[in-house]
Amino acid sequence: MNKFSMIIFGASGDLTKRKLMPALYSLYKEKRLEGDFSIVGVGRTSYSDSEYRTYILRELQAFIKAEEQDEKLMDEFITHLCYISMDPALESGYTVLKERLIELSGGEEPNDLLFYLATPPSLYGVIPLHLKAVGLNGQGSRIIVEKPFGYDLESAKLLNATYASVFEEHQIYRIDHFLGKETAQNLLAFRFANGIFEPLWNRNYIDYVEITAVENLGIEERGGFYDTTGALRDMVQNHLIQLVALTAMEPPAVFNADSFRNEVVKVYESLTPLTEEDLHEHIVRGQYTENEEKKGYRQEKNVVPNSRTETYIAMKLGISNWRWSGVPFYIRTGKQMPTKVTEIVVHFRETPHQMFNCPEGTCSRANKLILRIQPNEGIVLKIGLKVPGAGFEVKQVTMDFSYDQLGGLPSGDAYARLIEDCIHGDPTLFTRSDAVESSWRFFNPVLQYWKDHPDSPLYGYPAGTWGPLESEAMMHEHGADWTNPCKNLTNTDQYCDL
């Protein structure tokens with residue numbers, strides 16, 4: 001039996017050092033990656049095996065929490081690493097790669113391979129064909145592809161066709177690390193393992209839903225990539241729409257890969273097609289501008305001076321089915337926001353009549369359920385209760401749960417979970433080809449509208465603010481406001497940590 005080998009294309013890049021290697025070390029430390037295995041780094045940067053091991057050890061020390069570092073285990077882990085310097089875009093290097101894999105397999109044809117494409121998207125359609133050319137696409141091979149999977153519907157279909165010509169669908173793992181987060185998976189348990197919420201989870205009791213995924217950083221050193229991608233392709237078409245699906249999906253008949261992913265696709269296919277009014281009024285895009293401390297997007301490295309790439313987008317979506325008809329879903333993402341947070345806020349309908357007094361005369365008649373994906377992961381339910389003392393004043397209070405109560409979440413959690421699933425051949429939390437195309441089919445009209453209307457508004461917003469005010473106007477149509485979250489999940493009425 002061959003030993004397992006994981007081959008990382010883009011092994012000298014940012015994703016590998018920040019996420020993949022810490023995740024693999026985490027699996028090794030917890031004895032979930034055992035036996036005689038190899039991790040083969042592939043990249044253009046020139047390293048010997050020993051140089052690459054030294055480089056990765058240094059990065060592990062930088063990106064793993066100090067309390068999770070074990071010097072002896074880290075030294076053991078890096079002995080499983082080796083490196084091949086080659087250009088993944090050129091077929092000529094793949095013969096050398098195959099020879100090295102045969103050598104690592106003890107002279108046998110390797111048949112337990114996992115390829116990870118931590119490369120620029122321009123290589124997503126090239127690498128599989130080169131693997132096929134040297135016969136590295138056998139039944140024992142799997143391949144993980146990062147987002148974005150395509151730039152639009154046409155390119156996504158082309159990529160799907162390319163991968164289908166090299167691998168079978170069960171060998172292809174289109175990764176969305178949001179689905180690897182414990183808190184995202186816990187949304188399914190919260191909905192389907194508790195009888196008290198599921199009966200309320202519909203248009204009769206829910207007024208609207210907000211999904212926010214923002215960060216307080218700019219594009220850092222990714223100007224070349226980001227300026228050709230933008231927030232819609234980078235975040236909305238994959239991460240945010242996945243969170244919409246988890247919130248809105250029907251319960252699968254059984255929890256397995258096919259049933260779960262079937263329900264995700266049903267949500268995508270039920271998204272209400274965007275009208276001309278929606279494209280003009282219910283999508284707000286923005287771009288961060290400089291302030292006293294931070295530079296604007298157009299001053300970032302490798303960004304064209306007159307760029308119209310969006311770093312912020314807010315949208316109103318609808319789902320045309322029996323459960324959700326008439327309930328708006330508001331989604332937004334942005335760079336250089338006041339804080340880094342991802343959360344889902346479910347706003348329940350107001351009570352039909354307010355009979356109690358409220359402090360300072362302001363009554364919050366609607367309950368809120370906040371599902372925090374990151375950071376300070378947890379759940380908060382806001383309910384009204386009587387203020388102690390004379391009279392009948394009602395104040396909104398919180399019932400909360402924090403993952404810290406269970407010991408917290410380990411670093412590298414999402415990638416470790418997803419890589420382990422892939423090693424064991426479990427595709428449940430990975431995106432299927434029909435889901436990719438269904439998602440792009442919904443968002444493609446937005447890209448086409450922007451292309452056909454190059455003067456469509458792109459609003460500036462100062463770095464460190466909550467985005468263009470025009471996105472607030474979109475919410476006001478429903479009599480709603482964005483929930484601008486604090487970094488802290490609880491005690492937000494006492495302080496707001498950004």
Side-chain angles (χ1 to χ4, degrees), residues 32 111-117 124 128 137-150 153 156-194 198 201-202 237-271 319-324 344 373 414-443:
R32 288 148 61 193
N111 67 0
D112 190 5
L113 303 175
L114 172 58
F115 301 99
Y116 199 116
L117 272 55
Y124 290 177
N137 62 324
Q139 282 297 311
S141 297
R142 289 136 290 164
I143 189 166
I144 299 179
V145 195
E146 278 282 339
K147 53 90 177 173
F149 196 82
L153 178 59
K157 284 182 173 180
L158 188 61
L159 264 184
N160 273 338
T162 298
Y163 277 75
S165 72
V166 178
F167 299 101
E168 296 181 18
E169 180 63 32
H170 69 85
Q171 297 174 276
I172 306 166
Y173 293 75
R174 301 167 189 84
I175 193 169
D176 182 342
H177 72 267
F178 268 38
L179 288 187
K181 295 182 181 296
E182 285 287 345
T183 40
Q185 297 163 37
N186 200 45
L187 174 54
L188 297 176
F190 180 82
R191 286 189 55 197
F192 302 134
N194 297 293
E198 185 58 21
W201 212 260
N202 57 59
Q237 182 272 332
N238 35 69
H239 294 332
L240 263 69
I241 202 65
Q242 284 277 16
L243 294 181
V244 170
L246 293 181
T247 307
M249 66 187 283
E250 297 296 324
V254 292
F255 194 78
N256 60 31
D258 286 339
S259 297
F260 171 74
R261 299 197 291 178
N262 287 344
E263 296 302 335
V264 169
V265 172
K266 286 179 187 177
V267 174
Y268 294 169
E269 292 177 344
S270 299
L271 291 168
I319 299 175
S320 297
N321 63 21
W322 279 64
R323 184 185 288 265
W324 295 110
I344 300 163
I373 307 298
Y415 279 96
R417 166 66 194 271
L418 293 173
I419 290 171
E420 184 179 22
D421 281 358
C422 190
I423 290 171
H424 295 305
D426 181 358
T428 304
L429 299 175
F430 295 83
T431 307
R432 209 166 57 190
S433 60
D434 54 348
V436 170
E437 292 186 16
S438 292
S439 175
W440 273 122
R441 194 171 291 113
F442 176 76
F443 288 108

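This one's a predicted model, so the numbers in the text were calculated from it and none came from an experiment.
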Practice task
With rounding to the nearest 0.5 Å, note down the distance linking CG in L153 to CD in E437.
Solution key: 6.5 Å
Practice task
Show your reasoning for whether side chain to side chain contact (heavy atoms under 4.5 Å, CB included) applies to F443 and I241.
Solution key: CA-CA 10 Å; F443 288 108; I241 202 65; 4.0 Å; yes
Fill in the blank from the handout: For residues 244-264, the ring-ring contact (aromatic ring centres under 6.0 Å, His included) pairs (sequence neighbours left out) are F255-F260
Practice task
Measure from the side-chain N and O atoms of R32 to the backbone N and O of R417, and report whether any donor-acceptor pair falls under 3.5 Å.
Solution key: no
Handout entry: Validation row: F149, N160 side chains within 4.5 angstrom (heavy atoms)
Key = yes
Problem - Student check: side-chain heavy atoms of E168 and Q139 closer than 4.5 Å - result: yes
Exercise for the section: Check whether any side-chain heavy atom of K147 lies under 4.5 Å from a side-chain heavy atom of H239, and answer yes or no. Expected result: yes
Exercise for the section: Work out which heavy atom in S259 is nearest to a heavy atom in N256; give both atom names and the distance. Expected result: N-OD1, 2.8 Å
Completion exercise
In short, R191 meets T247 closest at the heavy-atom pair NH1-O, 2.9 Å
Problem - Check: M249 and R323 side chains under 4.5 Å, non-hydrogen atoms - result: no
Problem - Minimum heavy-atom distance Y268-S438, with the two atoms named - result: CB-CB, 3.7 Å
Problem - Residue pair E250 / W322, side-chain heavy-atom distance below 4.5 Å - result: no
Practice task
Taking all heavy atoms of Y173 and all of P427, pick out the closest pair and write down the distance.
Solution key: CE2-CA, 3.7 Å
Practice task
Taking the six-membered ring for Trp and the full ring for Phe, Tyr or His, determine whether the centres of F115 and F167 are under 6.0 Å apart.
Solution key: no
Problem - Spacing of CG belonging to L188 relative to CG belonging to L246, to within rounding of 0.5 Å - result: 5.0 Å
Problem - Side-chain donor or acceptor of S141 paired with backbone N/O of L113 under 3.5 Å - result: no
Exercise for the section: Start with the C-alpha distance between T431 and Q242, add both sets of side-chain angles, then the distance that settles side-chain hydrogen bond (donor to acceptor under 3.5 Å, both in side chains), and finish with yes or no. Expected result: CA-CA 9 Å; T431 307; Q242 284 277 16; 3.1 Å; yes
Handout entry: Nearest-0.5 Å distance that lies between atom CD in E182 and atom CG in L187
Key = 13.0 Å
Exercise for the section: Measure from the side-chain N and O atoms of R142 to the backbone N and O of I423, and report whether any donor-acceptor pair falls under 3.5 Å. Expected result: yes
Completion exercise
Sequence neighbours excluded, the answer for side-chain contact (heavy atoms from CB on, under 4.5 Å) partners of K266 is E263
Completion exercise
When rounded to the nearest 0.5 Å, the distance separating CZ of R261 from CZ of F430 is 9.5 Å
Fill in the blank from the handout: Taken to the nearest 0.5 Å, the spacing of N321 CG from N202 CG works out to 10.5 Å
Handout entry: Ring geometry between Y116 and Y415 (parallel below 30°, tilted from 30 to 60°, perpendicular above 60°)
Key = tilted
Handout entry: Ion pair E169/R432, N-O distance below 4.0 Å
Key = no
Handout entry: Value rounded to 0.5 Å, distance of CG in L114 from CD1 in I143
Key = 9.0 Å
Problem - Minimum side-chain heavy-atom gap S433-R174 below 4.5 Å - result: yes
Practice task
Measure from the side-chain N and O atoms of Q185 to the backbone N and O of G180, and report whether any donor-acceptor pair falls under 3.5 Å.
Solution key: yes
Exercise for the section: Spell out, as yes or no, whether a donor-acceptor pair under 3.5 Å connects the side chain of W324 to the backbone of A248. Expected result: yes
Practice task
Ignoring hydrogens and angles, tell me if any N or O in the side chain of N111 forms a donor-acceptor pair with the backbone of G140 under 3.5 Å.
Solution key: no
Practice task
Give the intermediate values and the outcome of side chain to side chain contact (heavy atoms under 4.5 Å, CB included) for residues I319 and V244.
Solution key: CA-CA 10 Å; I319 299 175; V244 170; 4.2 Å; yes
Completion exercise
What one should report as the nearest heavy-atom pair of N194 and A189 is ND2-O, 3.5 Å
Practice task
Check for a donor-acceptor pair, side chain of S439 on one end and backbone N or O of V436 on the other, with a separation under 3.5 Å.
Solution key: no
Fill in the blank from the handout: When T428, L179, L429 are each screened for side chain to side chain contact (heavy atoms under 4.5 Å, CB included) with D421, the one that passes is L429
Problem - Side-chain (Y163) to main-chain (Y124) donor-acceptor, under 3.5 angstrom - result: yes
Handout entry: Over all atoms of both residues, closest heavy-atom pair of G138 and Q171
Key = O-NE2, 2.7 Å
